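One structure is given below, encoded as structure tokens.
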Amino acid sequence: MDFKDKVIWLVGASSGIGEALAVELAASGARLILSARSEEPLRNLQDRLGPAHRVLTVDLSERASLDAAVAEIGQGQLDGMITTAALYDPGLVREIDWEKAEALLRVNLLGTLSFAQAAPVVLRQGGQLAIFGSVAGYFGLPKGQFYSATKAGVINLVESLRVEYAPDIDVRLVSPGFVNTRLTQKNQFDMPFIIEPEEAAKAVADGLAGDGFETHFPKKLTLGLKLLQRLPYALSLRLTKRLL
């Protein structure tokens with residue numbers, strides 16, 4: 001996609017990768033609809049980016065909130081839509097807080113499903129739908145907690161959508177590794193090959209401008225995890241046990 005003069009709905013724009021991606025896309029000439037649950041950081045971002053961009057608050061955990069946003073945007077008005085929104089709560093599976101797990105499920109998986117179901121309504125013919133998974137969804141790693149399971153579900157969903165929506169919608173998967181945000185700052189372990197949000201945003205924009213289905217980064221991390229996926233369980237589970 002050439003982003004110049006394209007209208008793109010970006011959910012999760014209030015912080016982290018989403019905020020950096022908004023800056024990157026705006027610099028490429030895109031006109032953005034900036035969404036997240038909290039309005040104030042979106043207004044601050046809008047002030048930085050300029051009046052060509054608008055703010056539309058959305059809570060992906062509430063279907064009614066998304067439906068209202070879709071109604072406000074209107075049918076066939078967008079060239080692209082992207083969601084980076086996710087909740088994150090690291091830790092061991094046996095320590096999972098049930099209420100936090102339900103919140104992760106509502107936002108990370110069901111919220112993504114709701115967003116994806118809106119695509120045929122608000123996108124123009126041939127528009128692009130980009131959904132953020134995570135390399136945490138590649139394989140069940142210790143301390144990934146329920147977050148990893150929701151992201152594995154997202155990856156599976158996006159793979160299905162790639163086929164179901166073709167050729168009317170160009171579905172893309174984005175799989176970041178460790179990016180220095182307020183979410184990853186919860187981690188109490190060394191994060192290999194961690195990058196800054198601006199570098200991640202550049203990788204995402206470059207990937208979405210290209211032809212590939214999946215954009216994953218940084219390659220030093222993601223290629224190793226993709227190899228882990230392909231190993232027999234007898235070996236891969238032995239390797240991941242060392243992470244406990």
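Computed over heavy atoms, backbone and side chain alike; hydrogens, waters and symmetry mates excluded. Computed from a predicted structure; not experimentally measured.
- Atom CG of L34 and atom OG1 of T57 lie 11.5 Å apart (nearest 0.5 Å).
- The shortest heavy-atom contact between G16 and T181 is CA-CG2, 3.9 Å.
- The line from CD1 of I8 to OG of S28 is 8.5 Å long, rounded to the nearest 0.5 Å.
- Using a 4.5 Å heavy-atom cutoff, the side chains of D170 and Y165 are not in contact.
- The residues D89 and K186 are annotated as not salt-bridged, no charged nitrogen and carboxylate oxygen being separated by less than 4.0 angstrom.
- Cluster membership for M1 and F217, using ILVMFWY side-chain heavy atoms within less than 4.5 angstrom, is shared.
- Distance check: L228 CG to T240 OG1 gives 6.5 Å after rounding to the nearest 0.5 Å.
- Taking a 6.0 Å sphere around CD of E40, one finds it holds 12 or fewer heavy atoms contributed by other residues, nucleotides or ligands.
- The list of ring pair (Phe, Tyr, Trp, His ring centres under 6.0 Å) pairs with a residue in residues 60-112, not counting sequence neighbours, reads Y88-Y147.
- Cluster membership check: F3 does not share its hydrophobic cluster with L78, using side-chain heavy-atom separations under 4.5 Å among Ile, Leu, Val, Met, Phe, Trp and Tyr.
- Taken to the nearest 0.5 Å, the CG atom of L56 stands 6.5 Å off from the CH2 atom of W9.
- The minimum heavy-atom distance between P176 and G133, with the atom names listed, is CD-O, 3.6 Å.
- A pairwise comparison of heavy atoms in E19 and S14 identifies OE1-O, 3.8 Å as the closest pair.
- With a 6.0 Å radius and a threshold of 12 heavy atoms from other residues, nucleotides or ligands, E99 has its CD atom at or below the threshold.
- Checked by atom type, the side-chain pair H216/S175 shows no donor-acceptor distance below 3.5 Å.
- Minimum heavy-atom separation, A13 to L45: O-CD2, 3.3 Å.
- Using a 4.0 Å cut-off between a side-chain N of Lys or Arg and a carboxylate O of Asp or Glu, R37 and E62 do not qualify as a salt bridge.
- No continuous path of ILVMFWY side-chain contacts below 4.5 Å connects L87 to V179, so the two sit in separate hydrophobic clusters.
- In this structure the side chain of L49 reaches within 4.5 angstrom of the side chain of L32, judged on heavy atoms.
- Contact annotation: the side chain of Q125 approaches that of D168 to within less than 4.5 Å [non-hydrogen atoms, C-beta and beyond].
- Other residues, nucleotides and ligands contribute at most 12 non-hydrogen atoms within 6.0 Å of the CG atom of D190.
- Salt-bridge check for K226 with E214: passed, with a basic side-chain N closer than 4.0 Å to an acidic carboxylate O.
- Side-chain atoms of F146 and L105, non-hydrogen and from C-beta on, do get closer than 4.5 Å to each other.
- A salt bridge between K100 and E95 is absent, with no side-chain N of the basic residue lying under 4.0 Å from a carboxylate O of the acidic one.
- Electrostatic pairing of E198 and K202 does not count as a salt bridge here, judged by no charged N lying under 4.0 Å from a carboxylate O.
- One finds the CD atom of E164 at 8.5 Å from the CG atom of L157 (value rounded to the nearest 0.5 Å).
- By the 4.5 Å heavy-atom criterion applied to side chains, V23 and R48 are counted as neighbours.
- When all heavy atoms of G207 and T215 are compared, the pair lying nearest together is CA-OG1, 3.3 Å.
- The side-chain heavy atoms of L173 and F132, taken from C-beta on, include no pair separated by under 4.5 Å.
- A donor-acceptor contact under 3.5 angstrom links the side chains of Q46 and R43, judged on distance only.
- Counting all heavy atoms, side chain and backbone alike, A85 lies closest to L60 at CB-CD1, 3.9 Å.
- With rounding to the nearest 0.5 angstrom, the NE2 atom of H53 is 11.0 Å from the CG atom of L10.
- No hydrogens or angles considered: a donor-acceptor pair under 3.5 Å links the side chains of T150 and N108.
- Put simply, the side chain of M81 reaches to within 4.5 Å of the side chain of V122, judged on heavy atoms.
- Criterion: ILVMFWY side-chain heavy atoms under 4.5 Å apart, direct or through other members. Under it, I155 and V135 are part of a common hydrophobic cluster.
- Side-chain contact between S236 and L239 is absent, with no heavy atoms from C-beta onward closer than 4.5 Å.
- Transitive grouping of hydrophobic side chains (ILVMFWY, heavy atoms separated by less than 4.5 Å) brings F115 and I33 into a common cluster.
- Each of R124, R31, K6 was compared with D79 under the salt bridge (charged side-chain N to carboxylate O under 4.0 Å, His left out) criterion, and only R124 meets it.
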